[in-house]
Amino acid sequence: MGEAKILIVEDEAPIREGLGKRLEQEGYRVVAVGTLREGLAALAGAPDLVILDRRLPDGEGLDVLAALRASERAGTRVIVLSARGLAEDRIAGLEGGADDYVTKPFNLRELLARVQAVLARGPREEEGSAARIEFGSFCLDVGGRRLLKGRKELPLSKLEFGLLHYLATNPGRAIDRKELLDRVWGYDRYPTTRTVDFHVLSLRKKIEQAGKKPRHLLTVQGVGYRFEP
Ligand code: CA
């Protein structure tokens, strides 16, 4: 895995160089560029992972993601760096097919752990159809941003979709409310973790049977929630 090729597209030189150096120390082959135009050109080098800043001097970083997903190398992993860390940003990237997010300013060690975790998953194709996640009698159509029960579409708000998508892509793992706030809402000073509970309740109304114990969105006492397909 140390031989993996990583493309960094980030216009802030200290971040680009610091991150590049650190990844090279870990044994990765690194190409680092500072503009959207160079990022698009560097995709020809067939990186295994792209670390992508959203705000680039000549455009929107997600354009690199879109170009990649539309290309023959659609399986390439992508971690998006987001300066704003707002839910809107995250959800936009998630719809665009990012594999992970890191909010700036980030902790280098945490980013390295995310890089390792994302690369360990291999190329996207091998996960099967990640564009659809099936559980019980439901199907979460990630590309279409819809929740389906049979042919019926159940309306979800943006945050409900983001929350369900994050939980469903981490099945069987107890996830605490803070992680959900960080990963779905992405706003460090969100007033209260009760917001998570509120959205879980509204999701349960849509995917669980009234009056019965939840089958998919389980409460983990003292921690948060666990998703069971
Ligand atoms: Ca930037």
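No hydrogens, no waters, no symmetry mates; every other heavy atom, side chains included, goes into these values. Computed from a predicted structure; not experimentally measured. In each ligand, atom 1 is the first atom listed, and ligand 1 is the first ligand listed.
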| Salt bridge flag under 4.0 Å for residues Arg54 and Glu10 | no

| Are Glu208 and Lys212 within salt-bridge range, i.e. N to O under 4.0 Å? | no

| Does a side-chain heavy-atom distance below 4.5 Å link His199 with Trp185? | yes

| task | Please confirm whether the backbone N or O of Ile8 pairs with a side-chain atom of Arg16, one donor and one acceptor, at under 3.5 Å? | result | no

| request: Decide, yes or no, whether a salt bridge links Glu60 with Arg55 under the criterion of side-chain N to carboxylate O below 4.0 Å. | output: yes

| field | Protein N, O or S within less than 3.0 Å of the Ca ion (ligand 1), waters excluded | value | Asp11 OD1, Asp53 OD2, Arg55 O

| request: Taking the six-membered ring for Trp and the full ring for Phe, Tyr or His, determine whether the centres of Phe135 and Phe227 are under 6.0 Å apart. | output: yes

